[in-house]
A.B. asks: 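Before I ask anything, here is the structure I am working with.
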2 protein chains.
Amino acid sequence: MVNEMDKIKQFIASYIEISEEELEGLLPKFSIRKYNKKAIIHFYGEICKYLYFVDKGILRVFFIDEHGDEKTFHFALKNTIATDYESFLKQIPSNYTIQVIEEATLIQISLETVQYIYRNLRHGEKLGRLLAEEYIFIFTKKTNAIYTKTPMQRYQSFKKLFPDVFHQIPQHYIASYLHITPVHLSRLISQTNKSKKS
Amino acid sequence: MVNEMDKIKQFIASYIEISEEELEGLLPKFSIRKYNKKAIIHFYGEICKYLYFVDKGILRVFFIDEHGDEKTFHFALKNTIATDYESFLKQIPSNYTIQVIEEATLIQISLETVQYIYRNLRHGEKLGRLLAEEYIFIFTKKTNAIYTKTPMQRYQSFKKLFPDVFHQIPQHYIASYLHITPVHLSRLISQTNKSKKS
DNA sequence: AATATCTCTTAACATTTGTTATCGAAGTAT
DNA sequence: ATACTTCGATAACAAATGTTAAGAGATATT
């Protein structure tokens with residue numbers, strides 16, 4: 001317990017100045033939960049109740065398209081946050097589902113707590129702004145990659161960006177993240193391996 | 001002049017409470033500029049100096065891929081803001097170029113002014129947070145569309161979303177925005193027209 | 001242990017999308 | 001006005017990606 005709280009303390013302190021008193025008021029509002037592999041922590045159709053800070057493990061955010069296929073939108077790794085921002089902030093039903101891929105320890109942060117942060121921390125609004133901005137940077141890069149890169153290039157960058165993750169995640173999740181079919185991803189991988197040998 | 005300032009006043013007031021005194025301190029910091037069609041207001045490689053509020057006209061944000069082709073990343077319409085968020089906020093060189101497509105009146109906001117907003121407006125940080133969050137909503141939808149939709153579906157939604165804009169913008173800009181070639185967009189359009197007649 | 005289910009690979013084939021080239025129309029500059 | 005670009009439509013062809021199906025391993029379930 002202490003351990004997880006230390007980590008989120010550090011996480012917050014890396015964005016804003018925060019006093020011990022402020023932390024004392026805030027930390028008890030966080031709840032820590034452990035989830036097993038494959039657990040679904042948020043269902044589409046429901047309002048996204050929490051902002052999740054990933055202390056340990058990997059989450060997958062996906063949605064279901066009109067053919068019923070799951071499309072992975074995002075992988076949330078250690079020390080990052082995951083949520084359906086719009087559903088969570090506006091309290092509207094979400095189109096996304098969030099699932100645990102690797103046994104995870106999460107810190108759940110409710111909207112009330114987020115609002116508490118905005119109202120009661122000296123730099124609460126700033127924390128919200130900085131986190132939102134960082135999210136923008138990540139997603140701009142991601143969108144940009146889809147525009148600029150071929151599937152092969154996207155596959156290569158994914159491998160570089162998430163070297164260890166690559167072997168922990170079912171391959172077809174990665175395929176949908178890269179916006180290609182599992183069959184085609186398999187083809188790209190075998191192409192890569194062939195050219196390595198020659 | 002007064003007119004444009006009124007509009008940005010309303011724009012800000014739609015996000016946060018702001019007093020007359022605060023506005024009096026802030027508005028003089030904004031500068032208004034008119035640009036002709038095709039004017040380039042920010043070059044890639046340079047630091048993005050301003051956050052632009054579009055009072056009138058249309059902007060196009062694009063980048064140049066490895067083959068030298070321009071890829072349109074975003075169209076900024078009336079009453080929205082445009083910038084390379086990361087370049088502007090971190091003061092690092094930008095990969096994007098911003099061009100005027102339809103004769104535009106812009107309010108230029110420097111980073112100093114943004115920082116002035118954060119430091120001196122009672123709800124300055126909140127304004128920054130809300131704008132960043134809105135940006136996230138827009139871009140999440142956009143990214144989502146690229147994942148879920150076929151080029152034909154994306155073309156159809158684009159037409160619905162920007163009905164008037166559609167005929168004002170050169171078609172090949174739209175093609176790169178939709179992530180297809182101009183030739184293919186032309187094909188999709190003619191397919192649509194054929195099926196309408198039958 | 002046996003069975004069922006899921007995952008990845010591979011192949012053959014279908015479809016979509018990209019590429020190149022040509023033409024005419026419209027816009028821009030001289 | 002005249003020439004020069006740019007733009008969009010179209011066609012023929014090429015390449016990339018999707019689809020379907022079959023089989024082999026792995027994993028989970030009974």
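Order of the sequence lines fixes the chain letters, A, B, ..., with proteins taken first and strands second; residue numbering starts at 1 for each chain.
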A.B. asks: If each of B/K37 and B/I180 is mapped to the nucleotide of DNA chain C with the nearest heavy atom, which maps nearer the 5' terminus, i.e. the 5' end?
C.D. replies: B/I180
A.B. asks: Using whole Å, report how far NE2 of B/H172 lies from P of C/dG18.
C.D. replies: 16 Å
A.B. asks: Could you list the donor-acceptor pairs under 3.5 angstrom formed between side-chain atoms of residues 111-127 of chain A and any protein atom two or more places apart in sequence or on another chain?
C.D. replies:
| from | atom 1 | to | atom 2 | distance (Å) |
| --- | --- | --- | --- | --- |
| A/T113 | OG1 | A/S110 | OG | 3.0 |
| A/N120 | ND2 | A/Y116 | O | 3.2 |
| A/E125 | OE1 | B/R129 | NE | 2.5 |
| A/E125 | OE1 | B/R129 | NH2 | 3.2 |
| A/E125 | OE2 | B/R129 | NH2 | 3.3 |

A.B. asks: Within this structure, what is the NZ-to-P distance between B/K38 and C/dT28, rounded to whole angstrom?
C.D. replies: 6 Å
A.B. asks: Check ring-ring contact (aromatic ring centres under 6.0 Å, His included) between A/F139 and all other residues, then give those that pass, not counting sequence neighbours.
C.D. replies: A/F73, A/H74, A/Y135
A.B. asks: Apply side-chain hydrogen bond (donor to acceptor under 3.5 Å, both in side chains) to B/Q171 and list each qualifying residue two or more places apart in sequence or on a separate chain.
C.D. replies: none
A.B. asks: Using side-chain hydrogen bond (donor to acceptor under 3.5 Å, both in side chains) as the criterion, list what pairs up with A/D55, not counting sequence neighbours.
C.D. replies: A/K7
A.B. asks: Reading DNA chain D 5' to 3', what string of ( ), [ ], | and . shows its pairs, if Watson-Crick and G-U wobble pairs count only when both distances fall under 3.5 Å?
C.D. replies: ||||||||||||||||||||||||||||||
A.B. asks: Quick one: B/Q153 CD to C/dT16 P, roughly how many Å, whole number?
C.D. replies: 13 Å
A.B. asks: Polar atoms only, N or O, under 3.5 Å: list the protein pairs with nucleotides 9-12 of chain C and their distances.
C.D. replies:
| from | atom 1 | to | atom 2 | distance (Å) |
| --- | --- | --- | --- | --- |
| C/dT9 | OP2 | A/Q171 | NE2 | 2.4 |
| C/dT9 | OP2 | A/S186 | OG | 3.0 |
| C/dT9 | O5' | A/S186 | OG | 3.3 |

A.B. asks: Could you work out, with side-chain hydrogen bond (donor to acceptor under 3.5 Å, both in side chains) as the rule, every residue matching A/R60, not counting sequence neighbours?
C.D. replies: A/E70, A/T72, A/Q99
A.B. asks: Could you tell me if the side chain of A/Q168 sits less than 4.5 Å from the side chain of A/I101, heavy atoms only?
C.D. replies: no
A.B. asks: Tracing side-chain links under 4.5 Å among I, L, V, M, F, W and Y, which residues wind up in one group with A/I92?
C.D. replies: none
A.B. asks: Mind checking which nucleotides bracket the chain A contacts on DNA chain D, 5' to 3', with an atom under 4.0 Å from a heavy atom?
C.D. replies: D/dT17 to D/dT20
A.B. asks: Report, one line per pair, each donor and acceptor closer than 3.5 Å where one atom sits in a side chain of residues 43-54 of chain A; sequence neighbours left out.
C.D. replies:
| from | atom 1 | to | atom 2 | distance (Å) |
| --- | --- | --- | --- | --- |
| A/Y52 | OH | A/I41 | O | 3.2 |

A.B. asks: Using the side-chain hydrogen bond (donor to acceptor under 3.5 Å, both in side chains) criterion, which residues pair with A/S94? Sequence neighbours excluded.
C.D. replies: A/H42, A/D84
A.B. asks: Could you list the residues that satisfy ring-ring contact (aromatic ring centres under 6.0 Å, His included) with A/Y155, not counting sequence neighbours?
C.D. replies: A/F166
